[in-house]
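Lettering of chains follows the sequences in order, A, B, ..., and the numbering in each one begins at 1.
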Amino acid sequence: MNQYRSHNCSEISKKDIGKEVKISGWLNKKRDHGGLLFLDLRDNYGITQCVVDTEHDDFDKVESIRLESVLSVTGSVVERSDETINRNISTGEVEIKIKSFEVLNSSEVIPFQISQEDDAPEDLRLKYRFLDLRKSRLHKNILLRSNVISAFRKKMTSRGFAEIQTPILSSSSPEGARDFLVPSRLHKGRFYALPQAPQIFKQLLMVGGFDKYFQIAPCFRDEDARADRSPGEFYQLDFEMSFVSQSEIFEMIEPVIFEVFREFSINKKISPPPFEVIKFSEAMDIFGTDKPDLRNPLIIQDFSKEFLDSGFKIFEDNLKKNMVIKGIKVPNSSKKPRTWFDKLNKWARDLGQKGLGYIIFDDDEAKGPIANNLKKEKLSIIIGNAALKNGDCLFFISNERRNAEKFSSFAREKLCDEINLREKGSFRFCWIVDYPMFEFNNETKKIDFSHNPFSMPQGGMEAIKNYNPLEIIAWQFDIVCNGIELSSGAIRNHKLDIMIELFKIAGYEENDIKRQFGAIYNAFKFGAPPHGGAAPGIDRIVMLLAEEINLREVVAFPLNQQAEDLMLGSPNLIAKNHLKELRLKIEENKND
RNA sequence: GGGGGUGUAGUUCAGUUGGUUAGAACGCCUGCCUGUCACGCAGGAGGCCGCGAGUUCGAGUCUCGUCACUCCCGCCA
């Protein structure tokens with residue numbers, strides 16, 4: 001028999017009545033009746049109530065044990081009377097009458113409550129993460145994460161994917177996010193970099209003939225945090241396949257994701273495969289973003305044409321300045337008080353817009369300052385094109401295209417929540433496809449890669465020869481769920497001549513590729529198979545499944561927003577001799 | 001790098017137009033209590049009101065600065 005327990009804290013039941021058992025765990029709660037004392041013992045699996053009364057010689061000692069101490073209890077399993085059964089816990093029909101006990105490790109007074117939610121500040125929770133992890137919500141999240149990862153492993157393995165590790169000490173890449181650097185002791189002045197993703201390695205695995213690769217891959221990016229973006233590190237279900245088309249990648253991964261969401265969510269409506277496919281350009285038009293939340297029924301329409309020569313001076317002037325006019329129709333809003341519209345207007349101004357104009361449609365007529373200034377025939381065209389019905393409002397955003405798209409996507413979300421239109425209890429997946437290969441950089445006035453320089457352009461060399469670079473579409477795609485980007489992927493470019501042409505467009509010479517991406521350049525001269533893949537973000541998937549809005553709630557030991565570990569105190573200062581060995585010197589700056 | 005929010009007891013919060021000794025709940029300590037499971041009852045301890053200036057007869061409250069945390073923008077091919 002195990003030294004510490006015969007059962008865990010969730011498994012003792014009526015069938016054990018009369019048995020002598022031993023359990024160990026944390027003292028979750030005490031209820032002291034003076035002559036009678038109840039102790040709830042908690043472990044990873046559940047809670048068991050133990051009871052002791054003054055007949056026991058060590059009653060006073062038990063009474064004085066502090067919450068969250070670890071103890072083991074030996075005693076007999078006793079049936080509870082009907083009126084004292086606790087239906088909330090699995091062991092609620094029985095309790096343990098304590099014969100003997102041992103405090104295995106006592107606890108000081110805890111800095112925040114564990115047996116009940118107490119909204120402790122996050123920095124305190126992070127400092128005492130080992131206590132925070134005992135709380136049922138976080139504990140469940142971390143176990144969920146474990147189960148999700150394990151399910152992904154099984155599903156990928158059963159589909160013939162090989163799990164292969166790639167290096168953590170890798171080399172800095174010139175494009176993309178800032179790297180974390182690791183100084184080399186053996187090579188003065190040289191650095192490793194932690195991989196932003198195993199991108200190059202997985203492509204080289206394809207060149208190495210492995211056909212189907214996956215990995216639960218840590219990725220490191222030295223960029224600022226968001227609620228859904230951990231600073232420092234995060235995990236992806238990284239996978240890559242040879243001899244596949246985009247649609248075959250979709251067919252492979254859709255059921256994997258669907259099944260995981262179905263297995264690990266309760267009572268949720270989940271988009272079944274095949275997922276909706278939306279072109280990037282279409283998404284930008286309708287949603288103003290390439291990560292639309294499809295639970296939000298509102299859509300964005302363009303009204304630039306309608307406002308030409310319309311009589312509404314402000315928008316006419318904007319159109320002359322090459323701006324656009326976007327509209328969002330919102331149902332059930334015409335009866336909102338004036339203050340509601342004023343607040344929305346203020347909200348828009350706070351976000352740097354000139355305002356948020358609107359037409360109210362009620363009693364079969366359009367009202368409000370914009371409607372009053374519009375020529376009649378233009379107004380009826382707008383009403384017709386927006387299909388306005390009584391009760392609707394049509395909100396307008398006017399700005400330069402990029403800005404208008406971005407803000408209208410915010411407005412679409414804001415208005416949806418204002419009217420409470422968001423579909424509840426569902427996971428809505430879609431693919432965003434056909435990303436442009438290049439984009440025009442307004443600052444440098446040059447053409448840049450818009451997404452991933454290693455994606456295959458649709459149409460291959462023909463497209464490069466026959467189209468304006470900004471019209472070239474890449475075999476590049478994202479998976480989006482409820483407005484969160486879960487994954488991006490691509491059919492990779494495995495042809496060196498095409499790659500050289502693409503890099504030329506972006507202003508690089510062949511030698512630049514050779515120098516910066518030497519391994520790929522080399523490998524693609526020796527028989528690279530056509531290949532492609534993607535990398536769904538594990539943290540975000542678990543976050544959605546756990547219904548958390550912050551990534552830190554699904555990571556066991558997260559960094560805070562400033563990328564510090566408040567428990568270990570990292571990043572920390574390094575001893576002089578350690579630095580010396582690495583031949584590093586810290587430059588003191590007066591401004592620091 | 002920039003913008004917003006928050007900062008009062010161990011924790012969550014209240015604190016009036018600036019005005020006596022800064023309150024409550026939970027937690028902690030002490031006592032009472034033999035069927036609780038948010039146990040109950042009584043009492044007690046616990047405060048650099050984030051920090052620093054300033055205005056004022058007087059600042060938790062007003063002003064400026066600063067720090068911490070958080071959300072967002074930039075950034076994240």
Reading RNA chain B from 5' onward, which residue's closest nucleotide shows up sooner: V109(A) or I85(A)? V109(A)
Strand-adjacent residues in residues 480-502 of chain A, judged by heavy atoms under 4.0 Å from RNA chain B: none
Reference residue E548(A); test salt bridge (charged side-chain N to carboxylate O under 4.0 Å, His left out); the match among R540(A), R137(A), K140(A): R137(A)
With sequence neighbours left out, the residues meeting ring-ring contact (aromatic ring centres under 6.0 Å, His included) with Y435(A) are F280(A), H451(A)
Under 4.0 Å, heavy atoms only, any strand: does Q49(A) hit a base, just the sugar-phosphate, or nothing? base
Please measure how far the C1' atom in G43(B) lies from the corresponding atom in G4(B), and state the result in whole Å. 45 Å
Between residues 56-76 of chain A and RNA chain B, which residues have a heavy-atom gap below 4.0 Å? R66(A), L67(A)
Proximity to the side chain of E55(A) - top-ranked nucleotide from U34(B), C76(B), A38(B): U34(B)
N/O (side chain, R226(A)) to phosphate O (OP1/OP2, C73(B)) under 4.0 Å: yes
Check: I249(A) and F477(A) side chains under 4.5 Å, non-hydrogen atoms: yes
Check if the side chain of E95(A) and the base of G35(B) share a donor-acceptor pair of N or O atoms closer than 3.5 Å. yes
Any chance the rings of F239(A) and Y213(A) have centres within less than 6.0 Å? no
For K30(A), answer base if it contacts any base atom (sugar-phosphate contacts may also be present), sugar-phosphate if it contacts only those atoms, and nothing otherwise; contact means non-hydrogen atoms under 4.0 Å. nothing
Are side-chain N/O atoms of Q561(A) and R552(A) paired as donor and acceptor at under 3.5 Å? no
Is it the case that atom OH in Y235(A) sees more than 12 heavy atoms from other parts of the structure closer than 6.0 Å? no
Counting only heavy atoms not in F440(A) (residues, nucleotides, ligands), do more than 12 fall under 6.0 Å from its CZ? yes
Check every atom of C71(B), C75(B), C37(B) against the side chain of R178(A) and return the nucleotide holding the closest atom. C75(B)
Can you check the distance between G50(B) and A59(B), where both ends of the measurement are the C1' atom (answer in whole Å)? 16 Å
Between U61(B) and C76(B), how far apart are the two C1' atoms, rounded to whole Å? 42 Å
K19(A), NZ: over 12 other non-hydrogen atoms inside 6.0 angstrom: yes
Assess whether atom CD of E117(A) is packed by more than 12 heavy atoms of other residues, nucleotides or ligands within 6.0 Å. yes
Nucleotide N/O of nucleotides 40-46 of chain B paired with protein N/O under 3.5 Å:
none

Considering only nitrogen or oxygen atoms on both sides, find all protein atoms under 3.5 Å from nucleotides 66-69 of chain B and state each distance.
unit_1: C69(B); atom_1: OP1; unit_2: N560(A); atom_2: ND2; d: 3.4
unit_1: C69(B); atom_1: OP1; unit_2: E564(A); atom_2: OE1; d: 2.9
unit_1: C69(B); atom_1: OP2; unit_2: Q562(A); atom_2: NE2; d: 3.0
unit_1: C69(B); atom_1: O5'; unit_2: Q562(A); atom_2: NE2; d: 3.3

Quantified in whole Å, what is the C1' atom distance between nucleotide U8(B) and nucleotide A68(B)? 16 Å
Classify the nucleic acid contact of L124(A) as base, sugar-phosphate or nothing, counting any heavy atom under 4.0 Å across all strands shown. sugar-phosphate
Verify the distance criterion only: is there a donor paired with an acceptor across the side chains of E510(A) and Y521(A) at less than 3.5 Å? yes
Checking side-chain polar atoms at under 3.5 Å, does N572(A) have a donor or acceptor matched by the opposite partner on S570(A)? no
Sugar-phosphate, base or nothing in reach of S450(A), heavy atoms under 4.0 Å: sugar-phosphate
Could you tell me if N403(A) and Q353(A) have a donor-acceptor pair between their side chains, going purely by distance under 3.5 Å? yes
Please evaluate the base of C37(B) for a donor-acceptor partner in the side chain of R80(A) within a cut-off of under 3.5 Å? yes
Protein N or O to nucleotides 12-15 of chain B N or O, pairs below 3.5 Å:
unit_1: U12(B); atom_1: OP1; unit_2: P121(A); atom_2: N; d: 3.4

Near-strand residues of residues 33-43 of chain A, defined as heavy-atom separation under 4.0 angstrom from RNA chain B: H33(A), G34(A), G35(A), L36(A), F38(A)
Sequence neighbours excluded, the answer for ring-ring contact (aromatic ring centres under 6.0 Å, His included) partners of F234(A) is none
Is the count of non-hydrogen atoms from other residues, nucleotides or ligands lying under 6.0 Å from K127(A) atom NZ greater than 12? no
With respect to M456(A), which candidate in R492(A), Q246(A), H531(A), H494(A) satisfies the side-chain contact (heavy atoms from CB on, under 4.5 Å) definition? H494(A)
When you check the phosphate oxygens OP1 and OP2 of C71(B), does a side-chain N or O of N550(A) lie under 4.0 Å from one of them? yes
Please test D512(A) against Q516(A) for side-chain hydrogen bond (donor to acceptor under 3.5 Å, both in side chains), starting from the C-alpha separation and ending with a verdict. CA-CA 6 Å; D512(A) 295 327; Q516(A) 298 182 344; 5.5 Å; no
To the closest 0.5 Å, what do you measure between CG (N28(A)) and CG (D43(A))? 10.5 Å
Distance alone, cut at 3.5 Å: any donor-acceptor contact between the side chains of Q215(A) and T166(A)? yes
Donor-acceptor contacts, no H, no angles, side chain residues 105-114 of chain A, under 3.5 Å, sequence neighbours left out:
none

Side chains of Q476(A) and N452(A): is there a donor and an acceptor less than 3.5 Å apart? no
For F407(A), which residues count as a ring-ring contact (aromatic ring centres under 6.0 Å, His included) partner, sequence neighbours excluded? W347(A)
Heavy atoms from other residues, nucleotides or ligands near OH of Y467(A) exceed 12 (cutoff 6.0 Å): no
Where RNA chain B forms stems, i.e. three or more consecutive Watson-Crick or G-U pairs with both distances under 3.5 Å: B:1-7 with B:67-73, B:10-13 with B:23-26, B:28-32 with B:40-44, B:50-54 with B:62-66
Decide salt bridge (charged side-chain N to carboxylate O under 4.0 Å, His left out) for R295(A) and D293(A); before the verdict, give the C-alpha distance in whole Å, the side-chain angles of both, and the deciding distance to 0.1 Å. CA-CA 5 Å; R295(A) 296 172 304 167; D293(A) 186 346; 2.7 Å; yes
Heavy atoms only, 4.0 Å cut-off, all strands: where does R552(A) land among base, sugar-phosphate and nothing? sugar-phosphate
So if I take every side-chain heavy atom of T84(A) and compare against U36(B), C76(B), C28(B), which nucleotide ends up nearest? U36(B)
Between C28(B) and U11(B), how far is it from one C1' atom to the other, in whole Å? 11 Å
Which of the following nucleotides, U34(B), C71(B), G74(B), is nearest to the side chain of D53(A)? U34(B)
Return the polar atom pairs (N/O with N/O) between nucleotides 4-7 of chain B and the protein under 3.5 Å, or none.
none

Considering only heavy atoms from C-beta outward, does the side chain of R80(A) approach that of E93(A) to under 4.5 Å? no
Partner of K279(A) under salt bridge (charged side-chain N to carboxylate O under 4.0 Å, His left out), chosen from D434(A), D478(A), D290(A): D434(A)
With no angle test and no hydrogens, is the base of C76(B) tied to the side chain of R229(A) by a donor-acceptor pair under 3.5 Å? yes
Can you tell me, in whole Å, how much space there is between the C1' of G52(B) and that of C57(B)? 23 Å
